Amino acid sequence: MTADASTILKSRVPDGPLEQKWDNCKNHMKLVSPTNKRNFDIIVVGTGLAGAAAAASLGEMGFNVKSFCFQDSPRRAHSIAAQGGINAAKNYQNDGDSVYRLFYDTLKGGDYRSREANVYRLAQVSANIIDQCVAQGVPFAREYGGLLDNRTFGGALVSRTFYARGQTGQQLLLGAYSSLMRQVDNGRVKVFPRREMLDLVVVDGVARGIVCRNLVTGKYETYSAHCVLLATGGYGNAYYLATYAKGSNVTAAWRCYKRGAFFANPCYTQIHPTCIPVTGDYQSKLTLMSESLRNDGRVWVPLKQGDRRAPEQIPEAERDYYLERRYPTYANMVARDVASRAAKERCDSGFGVGDSGKAVYLDFSKAIARDGAETIRKKYGNLFDMYAKITAEDPYKSPMRIYPAIHYTMGGLWVDYELQSTIPGLFVLGEANFSDHGANRLGASALMQGLADGYFVAPYTVNNYLGAKKPPIVGTDHPEFLKALEETKARVGKLLAVKGTRSVDSYHRELGGILWDYCGMARNEAGLNAAIGKIQALRTDFWKNVRVMGTPENFNQSLEQAGRVADFLEFGELLALDALTRKESCGGHFREESQTKDNDTLRDDANYSHVSAWQFTGTPDGVQLNTPALHKEPLSFEVEKPTQRSYA
């Protein structure tokens with residue numbers, strides 16, 4: 001089903017020892033003089049941690065930055081929802097942590113499907129992130145003596161996670177936002193809120209601007225620049241029920257894909273093990289319960305199948321603390337994909353709890369008895385309050401019920417070592433790219449990558465690109481801008497012209513069900529083939545029967561949703577195709593045909609130690625997709641040779 005891999009992607013990883021690659025790269029980069037920076041315009045799409053950090057940093061350097069977000073304020077980017085913390089190799093706890101250990105844990109956590117040099121760079125710059133954020137006034141938790149506190153996250157045997165109760169993402173985003181608004185006040189950055197990017201403008205093979213729609217007025221707008229940075233987050237909302245903000249979507253990345261940016265490893269989706277379970281068909285999203293809770297919460301199910309007694313009525317001897325039993329070294333702090341599969345296995349085997357049987361317990365009774373309820377409240381109070389409001393259950397008195405859910409995506413647009421996509425001049429940051437997490441992200445690493453890319457990588461690599469290429473000025477009156485604008489209007493007009501009888505949301509919900517059932521926590525060849533057929537049929541029906549209300553010349557949320565769902569219906573097929581093509585298990589991509597006797601992933605390094613990067617082969621405005629071309633970037637491991645993961 002795929003075209004031959006005619007291209008071996010060039011990662012542009014620098015030569016030299018692993019620990020010196022990033023320094024060597026920086027030392028040989030081209031520079032733009034301080035007085036010339038004001039002559040360059042840069043577009044940054046997205047104002048989450050990666051986008052806000054990049055816009056603020058580039059503005060501070062002297063570039064003219066245009067920052068775009070579809071929210072009414074940059075502060076509402078989905079990064080604000082991150083709860084548990086951010087990793088950094090500072091070894092404040094003197095427990096043996098180091099840059100190398102963070103690098104190793106991240107590489108192992110991703111099941112050896114990430115680029116080794118990128119992962120090491122991430123670990124290298126992690127300590128700088130904490131210093132940057134403290135200088136901004138981010139209120140990290142502190143010990144009694146005033147020193148920054150740490151806690152443990154999954155897949156690690158050290159405490160390296162810095163946190164601000166259960167609101168770490170919010171506090172980090174406010175820090176980045178303050179830096180961003182400082183540059184707005186200085187005139188270096190101009191923020192364009194309530195704009196949704198609907199296309200990338202490519203001139204002579206180089207990214208030179210965007211087409212967007214003003215979501216308040218409905219007006220189409222075009223903007224030009226010398227390069228474009230995409231920091232628009234992940235595509236997990238393709239599954240409909242996920243922990244993402246409802247507005248999160250794949251549209252900006254998908255438009256870039258259709259303009260020539262390769263899409264890498266779209267089947268790498270993360271299932272978070274601690275989310276509030278689904279309770280009914282009325283739900284439109286799911287809620288995360290931070291991984292940090294597993295520091296003090298113990299995961300268990302009844303020893304007896306079908307035991308429907310209240311948890312308080314089940315004595316200790318009749319409980320199965322299955323993570324502690326299976327993985328004594330890491331216990332409840334195993335990597336996310338491992339904990340998620342274990343929960344699914346217990347529930348599928350008839351040991352699940354709750355009315356649906358699709359939940360396990362997260363119990364804090366031992367921690368409360370040991371440390372006192374007030375100590376637990378200081379650590380997790382806002383999370384406990386959130387759980388109580390949603391479920392009407394008191395987690396101080398009764399265990400939480402949790403079940404895995406879609407939470408993050410490791411796949412994204414392919415980028416080289418300098419975060420540049422296959423379209424020159426298009427840089428991709430944070431969750432929108434594929435580069436650092438392999439097939440499974442460790443907890444507290446998303447915030448680390450977003451801020452690393454925005455504060456400490458892109459400012460160097462974008463500067464290098466502009467210094468080396470010196471792209472000429474291109475105005476929005478260029479024919480390519482006019483062409484992209486007309487194609488955008490035609491796509492929107494086509495949606496409104498269907499005038500069917502079925503709601504946009506019903507298509508999204510059905511697509512999510514297909515992806516979850518056939519391309520969720522467990523996947524197999526027959527199911528993936530079925531999923532592709534079902535998605536194709538659903539997409540055909542969408543373009544015949546969808547009903548989009550209103551007109552494009554004003555505020556129209558029905559139209560916004562329709563455009564995003566139309567792109568999900570195309571992207572979902574690519575996700576399933578990638579999962580079908582990768583006939584191994586690795587991290588969150590679990591093929592039932594490839595597993596160990598202990599229900600863990602069984603990689604096939606001989607055939608699949610590569611990045612799968614997909615190239616669009618149709619026309620950007622085509623609804624019927626051609627079969628994409630598959631290209632491969634071989635993964636090499638100079639320092640840490642791949643081994644079978646074990647958290648036992």
Side-chain angles (χ1 to χ4, degrees), residues 84 108-109 111 152-157 270-278 286 288-370 380 387 393 395 398-405 407 440 442-443 520-522 585 587-588 590 592 595-602 644-648:
K108 173 186 174 182
D111 218 351
T152 306
F153 258 60
L157 294 175
Q270 175 156 93
I271 316 291
H272 197 294
T274 52
C275 301
I276 298 178
V278 177
L286 297 175
L288 171 72
M289 286 286 104
S290 170
E291 182 169 309
S292 62
L293 294 170
R294 287 193 278 145
N295 275 280
D296 289 297
R298 303 175 70 195
V299 180
W300 65 274
V301 293
L303 272 176
K304 298 178 182 178
Q305 291 177 318
D307 192 334
R308 290 293 180 261
R309 288 179 292 174
E312 299 82 5
Q313 298 174 346
I314 301 177
E316 191 74 13
E318 296 179 26
R319 300 179 178 185
D320 178 17
Y321 295 90
Y322 58 89
L323 291 179
E324 298 174 16
R325 169 172 57 82
R326 295 179 181 181
Y327 310 104
T329 301
Y330 287 78
N332 293 294
M333 299 308 295
V334 293
R336 288 177 174 178
D337 63 309
V338 176
S340 295
R341 277 194 299 276
K344 180 179 185 299
E345 184 276 328
R346 288 290 80 190
C347 292
D348 289 350
S349 298
F351 296 94
V353 301
D355 293 339
S356 67
K358 294 291 185 182
V360 299
Y361 288 127
L362 183 62
D363 194 333
F364 296 88
S365 58
K366 185 175 181 179
I368 291 172
R370 180 187 66 233
Y380 315 115
Y387 182 87
E393 299 172 4
S398 184
M400 290 183 178
R401 288 175 294 107
I402 58 170
Y403 193 71
H407 175 61
N440 175 67
L442 290 186
M521 279 192 283
S585 290
F590 188 71
E592 293 176 336
Q595 58 179 299
T596 68
K597 61 181 178 62
D598 298 320
N599 192 42
D600 204 351
T601 56
L602 184 62
Q644 177 64 43
R645 281 192 316 170
S646 173
Y647 290 100

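Since we're looking at a predicted model, the values are computed, not measured.
Atom OH of Y322 is separated from atom CG of L303 by 13.0 Å, given to the nearest 0.5 angstrom. The OH atom of Y321 lies 9.5 Å from the CG atom of N332; values are rounded to the nearest 0.5 Å. One distance of note links NZ of K304 with CZ of R309; it measures 5.5 Å at 0.5 Å rounding. A distance of 5.0 Å separates CG in L288 from NE2 in H407, rounded to the nearest 0.5 Å.
With sequence neighbours excluded, the residues forming a side-chain hydrogen bond (donor to acceptor under 3.5 Å, both in side chains) with Y380 are D296, listed by chain and number. By the side chain to side chain contact (heavy atoms under 4.5 Å, CB included) test, Q305 pairs with F351, sequence neighbours left out. A search for side-chain hydrogen bond (donor to acceptor under 3.5 Å, both in side chains) contacts involving T601 returns D111, not counting sequence neighbours. Listed by chain and number, the residues in a side-chain hydrogen bond (donor to acceptor under 3.5 Å, both in side chains) with S290 are S292 (sequence neighbours excluded). R336 pairs by the salt bridge (charged side-chain N to carboxylate O under 4.0 Å, His left out) definition with E291, not counting sequence neighbours. For A310, the side chain to side chain contact (heavy atoms under 4.5 Å, CB included) partners two or more places apart in sequence, or in a different chain, are E312, Q313. The ring pair (Phe, Tyr, Trp, His ring centres under 6.0 Å) test applied to Y647 returns Y330, not counting sequence neighbours. The salt bridge (charged side-chain N to carboxylate O under 4.0 Å, His left out) test applied to D348 returns K344, K358, not counting sequence neighbours. With sequence neighbours left out, R326 forms a salt bridge (charged side-chain N to carboxylate O under 4.0 Å, His left out) with E345. Remark: R346 pairs with D320 by the salt bridge (charged side-chain N to carboxylate O under 4.0 Å, His left out) rule, at least two apart or across chains. For the side chain to side chain contact (heavy atoms under 4.5 Å, CB included) test, residues two or more places apart in sequence or in another chain that qualify with E393 are Y387, T391, R401. With sequence neighbours excluded, no residue forms a side chain to side chain contact (heavy atoms under 4.5 Å, CB included) with R308.
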Query raised in the report: Which is it for H272 and L286 under the side-chain contact (heavy atoms from CB on, under 4.5 Å) test, yes or no, and what are the steps along the way?
Result: CA-CA 11 Å; H272 197 294; L286 297 175; over 6 Å; no

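A donor atom on one side chain and an acceptor atom on the other are found under 3.5 Å apart for N440 and Q270. Using modelled atom types and a 3.5 Å distance limit, the side chains of D598 and T596 yield no donor-acceptor pair.
Residues L157 and M333 have side chains not in contact (no heavy-atom distance under 4.5 Å, counting atoms from C-beta outward). In this structure the side chain of Q644 reaches within 4.5 angstrom of the side chain of L602, judged on heavy atoms.
Residues P273 and R294 approach most closely at CG-NH2, 3.7 Å, considering heavy atoms. Among all heavy-atom pairs drawn from A342 and L323, the shortest one is CB-CD2, 3.9 Å. The shortest non-hydrogen separation linking M400 to F364 is SD-CE1, 4.0 Å. Residues I314 and P302 come closest through the heavy atom pair CD1-CG, 3.8 Å. Considering all non-hydrogen atoms of both residues, F590 and M521 come closest at CB-O, 3.4 Å. G154 approaches L442 most closely through the heavy-atom pair O-CD2, 3.7 Å.
The backbone N or O of M289 lies less than 3.5 Å from a partner atom in the side chain of T274, making a donor-acceptor pair. Proximity of a side-chain donor or acceptor of S340 to a complementary backbone N or O of I271 within less than 3.5 Å is detected. Between the side chain of D363 and the backbone N or O of P399, no donor-acceptor pair lies under 3.5 Å.
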